[in-house]
Visitor: 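Okay, handing you the structure first.
Below, each value reflects all heavy atoms present in this structure, side chains not excepted, and no hydrogens, waters or symmetry copies. All chains are named by letter (A, B, ...) in the order of the sequence lines, taking the proteins before the strands, and each is independently numbered beginning at 1.
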Protein chains: 2
Amino acid sequence: MAGDGKSSVFGDQAGSAELLWGGRERPSRGPKPALSLDRITRTAIALADIGGLGAVSMQRVAGELDFTKMSLYRYVPGKTELVALMIDTAMGEPPAVRADAAGHAPDGWRAALREWAGQLSAVFARHPWLLGATVGPRVMGPNELGWTERAVAALAGTGLTGGEQLDAVLVVSGHLRAIGQVSASMGVGSARASEPEQVMSAALNELLVGRSDRFPALAAAVASVEADAAARGQALEFGLERILDGLESYLSARTAGS
Amino acid sequence: MAGDGKSSVFGDQAGSAELLWGGRERPSRGPKPALSLDRITRTAIALADIGGLGAVSMQRVAGELDFTKMSLYRYVPGKTELVALMIDTAMGEPPAVRADAAGHAPDGWRAALREWAGQLSAVFARHPWLLGATVGPRVMGPNELGWTERAVAALAGTGLTGGEQLDAVLVVSGHLRAIGQVSASMGVGSARASEPEQVMSAALNELLVGRSDRFPALAAAVASVEADAAARGQALEFGLERILDGLESYLSARTAGS
DNA sequence: ACAGAACAGTGTCCGTCGGATACGGTTTTT
DNA sequence: AAAAACCGTATCCGACGGACACTGTTCTGT
């Protein structure tokens, strides 16, 4: 395993890597394929957008295309690889970022990163299953890598080291994922909510009834949210701005010190 | 669905809520149960710790206990509820936090939150499947709620509004989850790594070979990490401190302004 | 032109999964 | 002692991911 010729950090996931990055030229012999990788992937994404990742099965995808289940395996080695393709396709090409001659964002790293976060957040909102699909080790595709590139590029001119740039991007994307998590809970149950805090506090509130003695701080916080309507709907922005604040103060402390 | 008598944000998850929070008194008639909810849950956790959530199936858990698969359904309504129990049990009781008479942490909110993060991070390291199990809407159990209570309590005396407290806790826990994600990738593939950045840059490096023109900023950042050994192993702390910095600067700006 | 190689899609089979149902044995209440 | 309640088991089901053998189609080398 670790001693074979083609050593790679990808391990058993070479199939995904090849499919995501490889050219896949058509063989010149045999009948023309009636399906295409792209069509399969997009059909699977459409199913996932409606019913979640659980609604995506080989037979359902094939059925949607009026084909047999096994025909899909001519295009995709297995479901794992299909999901990998779904992820990268659903991410889409990262939006182009404005940059000056030096490759830096004209409005500064903070605005660039903020815009990047908003766009990525919109992707998560459009494809909620992405949050569940991107847990655990996997191979990044070109689009996903492109998104990361954009974020790192926004931080490139700031004086942050390479490792710090990666770490910072991880913090921001982690926050977006966290927000996406609770946003994905929206519309579940009887209390229709439209904002993350509402979901959180609605769910928490029900649990906390009659138990505020066990969870006093939490009960107080939830009660405060329920009372103060103006405090709602800011979870994404609040967290993001706090992270950006933290980066900014770190940067100014660093430039002042050195 | 939304109009039935017992309206609840839990929707179809009443079973989990009852199992997690309800007393579950033994019925007085019939033979004594040979199993216990706790034994089943702990067996399932042990399986998940070794082979991930995918290694947990009803028959495997039952087999481990030398029982039939269906016997488990006397204790648990379904697998969803079993996983909910696994989550809350694996989280464990939140560690007690030192507090003074007013309920505030003696070393300040920053130290308290930092310690909380370290402890929660250790839980995620011990049970990596928790990251994958806690995606999507679900009912929080008493332990999970207890962890949240501790974090909110640490922020209770800071001047943050209730909603901001919840948001801040969400940011920190989101960061821990993000770190846990890439830490869970460790040991996959041939490159044995022990720190998040190493995993990230090792996986990224392999993809970036010969493609640095398409991803210049990323390639530069990764190269910098590979070169600078001292920059490694700080992902958790770096991100956490940045978040705490951001909260601190927000707090000082607020108290200065009002 | 023609044979054979390389390919595409199908039909059938297997093991595993979560779960429903029906049943016999056990313990307590009346 | 009878009846009710409960425990664990056996059997069955549909859906899942996937292996394999097979027929039909298309291109290539002679």
Visitor: Write down the distance between CG (B/L72) and P (C/dA20), rounded to a whole number of angstrom.
Guide: 14 Å
Visitor: Would you name the heavy atoms of B/W147 and B/E93 that are closest together and state the gap between them?
Guide: NE1-C, 4.2 Å
Visitor: Within this structure, what is the CG-to-C1' distance between A/L82 and D/dC16, rounded to whole angstrom?
Guide: 14 Å
Visitor: Under the side-chain contact (heavy atoms from CB on, under 4.5 Å) rule, what do B/V123 and B/L130 come out as? Steps first, then yes or no, please.
Guide: CA-CA 9 Å; B/V123 172; B/L130 273 177; 3.8 Å; yes
Visitor: Can you see which heavy atom on B/Q119 is nearest to which on B/P95, and at what distance?
Guide: OE1-CG, 3.1 Å
Visitor: Before you tell me yes or no, could you show the steps for A/R211 and B/L145 under side-chain contact (heavy atoms from CB on, under 4.5 Å), namely the whole-Å CA-CA distance, both residues' side-chain angles and the distance that decides it to 0.1 Å?
Guide: CA-CA 11 Å; A/R211 282 190 265 261; B/L145 206 59; 5.9 Å; no
Visitor: If you take all heavy atoms of B/I45 and B/M86, which pair is closest and at what distance?
Guide: CD1-O, 3.6 Å
Visitor: Can you list everything that forms a side chain to side chain contact (heavy atoms under 4.5 Å, CB included) with A/A84? Sequence neighbours excluded, please.
Guide: A/S16, A/L20
Visitor: For the residue pair B/L19 and B/P77, what are the closest heavy atoms and their distance?
Guide: CD2-CD, 3.8 Å
Visitor: Heavy atoms under 4.0 Å is the rule here; annotate nucleotides 20-30 of chain D 5' to 3' with B where the base is hit, S where only the sugar-phosphate is, and - elsewhere.
Guide: B---BBBBS--
Visitor: Going by side-chain hydrogen bond (donor to acceptor under 3.5 Å, both in side chains), name the pairs with one or both residues in residues 29-49 of chain A, residues two or more places apart or in two chains.
Guide: A/D38-A/R42, A/D49-A/H127, A/D49-A/W129
Visitor: In residues 60-68 of chain A, what residues come within less than 4.0 Å of DNA chain C, judged by heavy atoms?
Guide: A/F67, A/T68
Visitor: Can you name the nearest heavy-atom pair linking A/V135 to B/L131, along with the distance?
Guide: CG1-O, 4.4 Å
Visitor: Are B/Y75 and D/dC7 close enough that a side-chain N or O sits under 4.0 Å from OP1 or OP2?
Guide: no
Visitor: May I have all residue pairs that pass salt bridge (Lys or Arg N to Asp or Glu O under 4.0 Å) and include part of residues 171-183 of chain B, sequence neighbours excluded?
Guide: none
Visitor: Looking only at heavy atoms, which two atoms of B/W21 and A/R214 are closest? And how far apart?
Guide: CZ3-NH1, 4.0 Å
Visitor: Counting only non-hydrogen atoms, which of residues 38-59 of chain A are less than 4.0 Å from DNA chain C?
Guide: none
Visitor: Quick one: A/K69 NZ to C/dC14 P, roughly how many Å, whole number?
Guide: 14 Å
Visitor: Any N or O donor-acceptor pair linking the side chain of A/K79 to the base of D/dG18 at under 3.5 Å?
Guide: no
